[in-house]
Amino acid sequence: MSILVQQPWIAVLVPATLAFVIALGGRRAVPLTRWLALVGPLTVLATGVAGLAGAGSDPAIVSVSWLAQGARSIAVGASVDALAAVMLTVVGVVSAMVVLFSVGYMAEDPAQARYFALVSVFSAAMTGLVISTTLVGLFAAWELVGACSYLLIGFWYRKPAAANAAMKAFIVTRIGDVGFLLGIALLWANAGTADIATVNTAVGTLPVAVATLAALMLFAGAAGKSAQFPLHIWLPEAMEGPTPVSALIHAATMVAAGVFLVARMWPVFAASEIALQVMLWVGLITALGAAMAAIAQRDIKRVLAYSTISQLGFMFVALGAGQWQIAIFHLVTHAAFKALLFLGSGSVIHSAGTQDLHEMGGLGRVMPVTMVTWVLGAGALAGIPPLAGFFSKDGIIHAAWVASPVAGAVLVLASLMTAFYITRATLLAFAGDFRGQGHPHESPWTMTLPLMVLAAGAVGLGFAGGSLAELLGGHGALEPVVAIVSALVALTGVAVGWSFYRRGPSADTVLETRLGAVYPTAANAFGVDALLTRLFVRPARSFAEKVYDAIDRRLIDGAVNGVGKLAVGAGRLAAGLQTGQIDLAAAMVGAGIVFLTALVIGWGGR
Amino acid sequence: MNVLLPIAIPLTGALVVALAGRGESGGARRVSAMFAFATFAVTVYLAFAWNAEGGECIRWVISSAQGLGVLSLAVDGLSLPLVVLTGFLGLIAVLTSWEVHEHAAAHHALLLCLEAAVMTVFLADNVILFYVAWEAVLIPMFFLISVWGHENRRAAAFKFFIYTFAGSALMLVGIITLLVSSPLGSLAGGVTAISADKQTLVFWLLAAGLLVKVPVVPLHTWLPDAHVEAPTAGSIMLAGVLLKMGGYGLLRIALPVAPDAFAAAGPVLAVLGGIGIVYGAILALGQRDLKRLVAYSSVAHMGFMLLAMSTGTRLGIGAAMLIMVSHGVVSGLLFFLVGAIYDRTHTREISRFGGLISQIPVWGGVFVFGALASLGLPGLSGFPGELLSVLEGFGRFGWWIAPIGVGVILGAAYNLYAVRAVAHGEPSAEWQGISDLGVRERLIAASFVVCIVGLGLWPGTVLSVTDAASRVLSMALGGGQ
Amino acid sequence: MEFVTPTVLWIPGAVVLIGVVVGLAAEAAKHRALGVGVIAVALMVAAVVCAWSAVKVSISPAFGWMFLGGGGFSTVASVVYLLAGLSVASGWRRAISTSRGGTVAGITALSAVAIQLLTSTLDLLPAILALEVVALAGYALVSAAASRRSDEAALRYFVQGGVAAGFTVLGLAVIYGVYGTTGYVRLFEIVDGGSRAAAFGMVLVLAAFAFKLGAVPFHSWAPDVYETADASVAGFLASAPKIGALMALLLLFPAGMFNEGRFPTATLAIAVMAAASIILGNLGALRQSSLGRMLGYSGIAQVGYGLIGLAAGVTGYQATALFALTYAVGVATAFFVAEAVRERRPGWDGSIGGLSGLAAEAPFLAAAMVAALLSLTGIPLLIGFWGKLFVFVAAVSADLTWLAVIGVIGSVVSFGYYGAVIRSMYTRGVETEENIPAGTRFSGRVACAVALVAGLIVVVGGVGPLIAGLDVISRLLVF
Amino acid sequence: MSMLVACSVVFGIGLFVVLSRRDIIALLIGLELMLGSANVLLVALSTLNGHDPATTQSVGVMVLVLAAAEAALGLALLIASVRRTGRSRVEEFEEVTG
C-alpha cells in the first residue's frame, strides 16, 4: 500500500490505461470490461486510505521537469499529502459507487464502452488534479476534468439539448479557467516558479496587491468550476448527461475542485483580505439564490442541481470566513449525501421513467430501499442532528456568524429553505399515489448497494468531523448554541415542507399564488441564465459574422481591390498617351531631349 | 551530403513522376508515395545524425565562391523540427491525394516540388538561397490551387501569389540592404548583427515579407481564400509548413541580423500577435464554411506563436517553435478531415452538416479529437506551446496580454461550435449513405493522433532540440538566462 | 595564343555576312528555304564561336583599334546572335511562304552584326552609324509584317527615329566640330573638364540611345511596334537592339563618368528616366488585352530596370549587362511562344483571351510561356531573377534604395498582367486544335521547337547559378 | 560664326516642318533638312576649329550616306503604305492606339 503513496502517479495511470483498454474493447467486450472500470476508482481509494494512514510523515514528492529551456523550467509533480488523501478517498468512494451504479443504469445503452472509458479517464484526471504539486500540473488536470465533463454531459450527443449543454458547460468553465491561467501567469512572473509549495511560502513576500489579484484570479477559476454566481448557469443544464455522471461530476468531485483549489492555495487567499470578502459574499448570494430557485423546480435532477450550487455556496462562505478545514469537512459530507441523492434520483428515474416530480409519487411503497436511503440523504442535506450534514453545516454557520452576523443570518435562512425544498422533493416523489404511467419497480442490487454504502457515509461521516479537523490542522469543537439553532431551523423547515406537500403537488399552485411574481423568477434562477444568453451567447455568432463581413470582406479586401482598380485606372491614363498621331509622337521625342539637356546642363558645367 | 538529400529526393521524385507517370494515374501516386516516404525517412535519419553529433549544425557547401555569400545548406536546432515536420506532412499530402485522378502525374510532381522548395527554405544557410527558395515555394502552390482547386480557385491562387510576392518584394530590398551593408556569413552560424542605424530599416523590410506569411491580421485575407479553394493536400502543406516559413524567417534572419530592432519591435509584434489571437477567433466563430473556420483558427494559433516569439526570452522562442510544430500537426489533421468530408459530400457549408458522428463515427471521433487539440486541451500538442506563450507573455508584458483571454475563450467557442454544428445533434437525412474513413484515411488519421498526443505529453523533445539555438537568439536580444 | 585573339573575333561577323550573301543569292535563285536556312545556320555558328571566345579569349582589341572583343563582349555578342538565329528559325514558315521571306532573315542577321559592332566600339562615330543601321533595320522589319497596322506603326516609328537621328547627328556635329575627336577615352577627359558643349553633345547621344531603348520620354513607338510586327520579328526587335543600346550606354557612360565630374544631375536624369519607365510601363501594361502590346509596355518597364543599373554607376556595370541579357532572353521567349501559338491557331488575333485553353492543348508550350513571364516578373529559379537581383544590389549599394523600392513594387505590379496571361492559358479553352494546314506541319513544329528551346534556356539560366555557384555570372561577364 | 546661326535656324525649320505638316512626304523633307543642316554645322565647326580636313570630310560623307539611307527607307515605307492602303496623310494613320 505504501508504494501507492511513494509513487502517486500510479493512481493516475491505472484508470487511464484501463480507460484505453475499455475503449479498445468496444461494444462486444463491454459486459466484461465495464467491471474493469471499477479497478481504477478502487486504486484511487487505496491511495487515499494509504495517504490518510501515513498522514503524519511528510509525503514523497515525485516531480519531472516538463517544459525546460535553460534555467527557467516548468515541472509537473505529484505527492499525496493530508488534503490530497482526504480528496482521494472521497473521489475513490464516490466514483466506485457511481461505476457500480452505472453497470445497472447504463445496461441497455449501446455506447456503454465509451461511457465507462470516459468515467475512467475522469477519475484519472481528478486524481491528477488532487495530487499535483505544481500549478501547471494542476491546471492541466483541471482542464482535462473539464473536457471529461464536456464529453460526459454530451454523452447522448444526438439530443440537441445535451449537445448544447455540453458546449455551454465547457465554455463557461473555460471563462473561469482563463482567469485561473492568468493567476498562474501572475504567480509565475512574480514568484518565479509554478511549484505550489514554494508559491505558498513566497506569497508572504509578494506585495498585497499582487496577492489579492492572484487570489481573485484563482477564485475566478474556482467559481467557474464550482458553479458559483455568475458562472453557475451551466450546472442546471448539465443535468442532460446520464444521472450517474451528474452524481459523480456535478455533485461530488468536479464541482468540489474549486473548493479544493482554494484550500490547496490557502496562503495566497489568506494573504488578501479583499479576496476573502469577495468569496464570502459570492458564496452567500449563490447559497441563498440557488436555494430559492431549488424550491420552484419540477425536475427532480434540477432540484438537486440547484441544491448543489447552494451547498457549494455554503462552502465558499466557510472559505470566505477563513475556515478552510470546515469547508473541506462540508465538502466530504456533501459529496456523500449529494451523490446518494443523485443516485437515488437515478434509481427513481430509471424505474418511474420520468424526471418530473408531478408525474411521480407513491414510489416509497414500491421502492423501499431507495426510499430509505433517499430519506437518510435528505435528512443529512437538511441538517437533521445525528446525520453528517448537521455537523458540517453547523460548523459553517458558526464560522459565518463569527465573520459577520448578516452572513450567519442569511445562511440560517438558506438552510431553512434547504430543508423545505428537500422535504418537498421527498414527499412529491415517495408519498401519495403514483401519478405517472407504467409500473415502477425496485432497482437491481447493483443500483441499490451503492445507495446503501453512501447512506452509511451520510450517517457516519458526521462524527468523523473532529478527527478530520485535526488531520487538516483546524479545530473540530461543536459550538452548542449554533448547534441548537441549526437543528431547530432544520426541523421547522421539514415541518413546513411536510404541512405544504402532505396532500401532493397541488401545493405548488398554492405557493405560486401566494408568492405571485417571485415564484416564476425563482423557477428560472432569476433570469440570470436567460440574460447572459441573450447578452453573450446568441449575438456572439451574428456579431462574429458582422465583424467578418465588415472588416475582412469590405475593409481589407475592399482596400486591396481598390488599389488594383486604381492601378488599372492609372494604366488607362498612361496608355491614353498613345493617341496615334505622328506629330504628337515626334513632339514627345523633342520634348524629351529638351528635358534631358536642361536637367544635365542646367546644373553642371563650368 | 545528407543535408542535401531532403531536397534532392523529392526533386528527383518530381521529375520521375512527371515523366514516368504520364500513363494511368495509379503508377504516379505509388512512385510519388515512395519518394515522399524516402524523404521522410531521410529527415528522421537527419534528426538522429544531428543528435549523434552532439547538436551542432551539419553543413553542406554547394559552392564556396564568395559572390553573394557562400551558397550552402545547413540544419541546426532551429530548423530540424520543421524539416522533420515538412517530411512528415509531405508524405501525408501525397497519401491524401491518392484519389486525385485529374492529371495525377502533374499533381504529384507539383506536391514533391513544393516539398523540396519548402525543405530548401528551412535548410538554406545563405540569405539569397533562402529568398530564392521562399519565392520558389509560390510557383508549385500557385498551380496546385489554380488547377486542382475548387470553385473560384483562380482568384484565390492569384490573391495568394500577389500577397506573398508583394511582401517578399519588400523583403528582397531588406535582404539586399543587408547584403550590401555587411557580407553575411552562414545563417546557421553565429549572430552577425549589422550596424545599429540600418537595423530598424532592414528589420521592418524583412518583417513585411515574413509577416504576410505568418499571417498577421491586416495582411491575412489571402489565407482563408487560398485554403478554401486549395485541394486537401495543398491545404495540408499550406497550413502545415508554409505558414511556418514566416515565423522561421523571423527567428532565422530578422532576429540575428537586427537584434536591437527585434527587441524594440517586441511590443509591436506582441500586439499583432494578440490581435491575431482575438480577431482570428472571432472570425472563426463567424464562419459558415467549415474550411474557412479552420483557416481562421490558423490565424489565431499563429497569433500565439508571434506573442511567444516577441517576448524574446529563451523559453518564449522555444515556445514559438513548439507552437509551429504542433499547429502543423493539428491543422494538418483538421484540414485532412475537412477534405475527407468534402470528398464525400462536396460541400463545406456547416449548416448542411449535422449529427455526422452518428453516421460516420470514426470520422466524428477524430474530428472531436482534432477540435479538442485545436482549443489547447492539456495532454495534446496545442497546450504546452500556448501555455508557455501566455506565461512568458505575461512575464514580459504584464497585464497587457489579459485581452488574449477573450481569444482563448472564443477559441473554445468556435472549436466546440464546429463540433456542435457538424458532429453532434440530429443526423440530417441528406448524408444517409456516406461511407466512413477508409483504411488509408484511418492510417493517416492515426499517425496525426499519435503525433499530437506524443507532442502533448513530451513537448521536451522539440524544446530540447531548439534549446541551443534559442539560447543564442535570446542572448542576442540581451534576455534569456 | 597571341595570334589567335584578333582573328577569332573576326569570324562571327564574317560568317554571318557570308551567310547573308549566300542566303539572298539562294533566294534570288528561287531556293528560298535553303537561303533562310543558310542564314539561320550562319547565325547559330556565329553564336557558338562567340560563346567559345567569351570563355577562351580575354578582352583584346578586334576589328582594328576601335573595337573590343572576347570576355564579356563576346558573351553579349553570342546572346545577340543566338536571339537573331532563334528569331529567324521561329519565323521559318512565314519566311518560306511569303515572297520576301529571305530578306527579312537577311536584315535580322545584318542587324545582329551591327549590334555586335555597337556593343564593342570605343568610338562615337561607328557607334552612331551602327545605331542607325539597327534603327533602319528595325523600321524595315516592322513593315515586313505587311498589314495596315504594321505600316502605320512602321511609319510612326520611322518619323520618331528620324527626329532622334537628327538630334544625334547634331550632337555628333557639336562634339566633333568643337573638339575634333570622337574616341570615348578622349571624350571622358573633355566632359570631366566640365565643358558644357561636350556635355550637350553627350546628352543628345544619350537621347538617341534612350530612344532605341524605348525609355519613357521616347517610348511611344514600343507598344505599336510590338503589337503589329510579326511575333518572331518582334521577338528579335524587343531583345537584341535593347542589349546593344544598353551595352553602348555602358561603354559611353562608364563608371558614372558624370557624377565624378561637374554634372551631378546626370545620374539623377537617368534615375528619373528609369523610375518613369518602370511606373508608366507597368501601369500601361495593366489594361492591355493584346499580348504584343502588353509585352511592349512591359518592355518599357523592364528597360527602366536596365537604367537603374546604369544609374548605379560603377557597381551597376556588370548588373546592367546581366540584366540586359536575362531580360532579352525572357521577352524573346515570350514572343517565340506567341509565334508558335500563331502556328497552332492561325485564327488567333494576338489577344491574351485568345490563349485560353493553351495549357490543356499544348502543356509544354504553355510551360515555356509561364517560364518566360515569371522570369520577366523576377521570380527566382528563372533567369530574370538574377538580372533584377544584381540590379537591385547595385542600386542599393549606390544608395539609390528608393529606386530599388520602385523597381520591386514594379515587379509586383507586373505579376498583375503577366499573371493574367497565365490565368487565361490555364482556363478551360473553348477552341479545340483546329486542323493546321498540312503543308506547315513540319515548319509549325520549328516554331514550337524554338519556343521550347528558349523556355529551356530561361529555366536553365535560372537554376544554373544555384548549382554552379553565384560567381559563374561574374566570371562570364568580365569587362 | 554666321554659319553656326544659319545651320541651327535651318535645323529649327526642319524640326518645325516635321511637327506641323500634314503630308508624310513633307515630313521626310523636314527630316532631310535637319540631317543636312547638322551635317553642314559639323563641317563648319570642324573647319572653324582647324581640325584635320581629311577626317572632317570623311565624317561629313558618312553623315551624308546616313541621311541618304534614311531618306530611301522613308520613301520605301511611304510607297509601301500608299500602294497597300492609299494613305499618305498624317491624320489617316491613327488606328493603332491605347
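These numbers were taken from a predicted model, which means no experiment stands behind them.
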Establish, from distance only, whether the side-chain atoms of C:Ser220 and C:Gln160 form a donor-acceptor pair under 3.5 Å.
yes
Between C:Tyr297 and C:Asn282, do the side chains contain a donor N or O and an acceptor N or O under 3.5 Å apart?
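No.
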For residues 21-33 of chain D against chain C, heavy atoms under 4.5 Å, the residues are D:Ile24, D:Leu27, D:Leu28, D:Leu31
Members of residues 104-111 of chain C whose heavy atoms come closer than 4.5 Å to chain D
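Listed by number: none.
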Heavy-atom cut-off 4.5 Å, strictly under: side chain, backbone, both or neither for [X] against chain C?
X	value
D:Ser37	neither
D:Thr56	both
D:Leu19	neither

Taking side chain as everything from C-beta outward and backbone as N, CA, C, O, which of these in C:Leu125 sits under 4.5 Å from a heavy atom of chain D? Side chain, backbone, both or neither.
side chain
Turns out that what part of C:Leu129 lies under 4.5 Å from chain D's heavy atoms comes down to side chain
Between C:Asp224 and C:Arg149, is there a salt bridge with N-O shorter than 4.0 Å?
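Looking at C:Asp224 together with C:Arg149, the answer is no, because their closest N to O distance does not fall below 4.0 Å.
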Residue pair C:Glu152 / C:Thr228, side-chain heavy-atom distance below 4.5 Å
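No, their side chains stay 4.5 Å or more apart.
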Contact check, side chains of C:Val163 and C:Phe211, non-hydrogen atoms, under 4.5 Å:
no
Can you say whether the rings of C:Trp221 and C:Tyr157 are parallel (under 30°), tilted (30 to 60°) or perpendicular (over 60°)?
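Parallel, since the angle between the ring planes stays under 30°.
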So D:Leu45 and C:Tyr176, side chain to side chain contact (heavy atoms under 4.5 Å, CB included) or not? Walk me through it.
CA-CA 8 Å; D:Leu45 274 177; C:Tyr176 183 74; over 6 Å; no
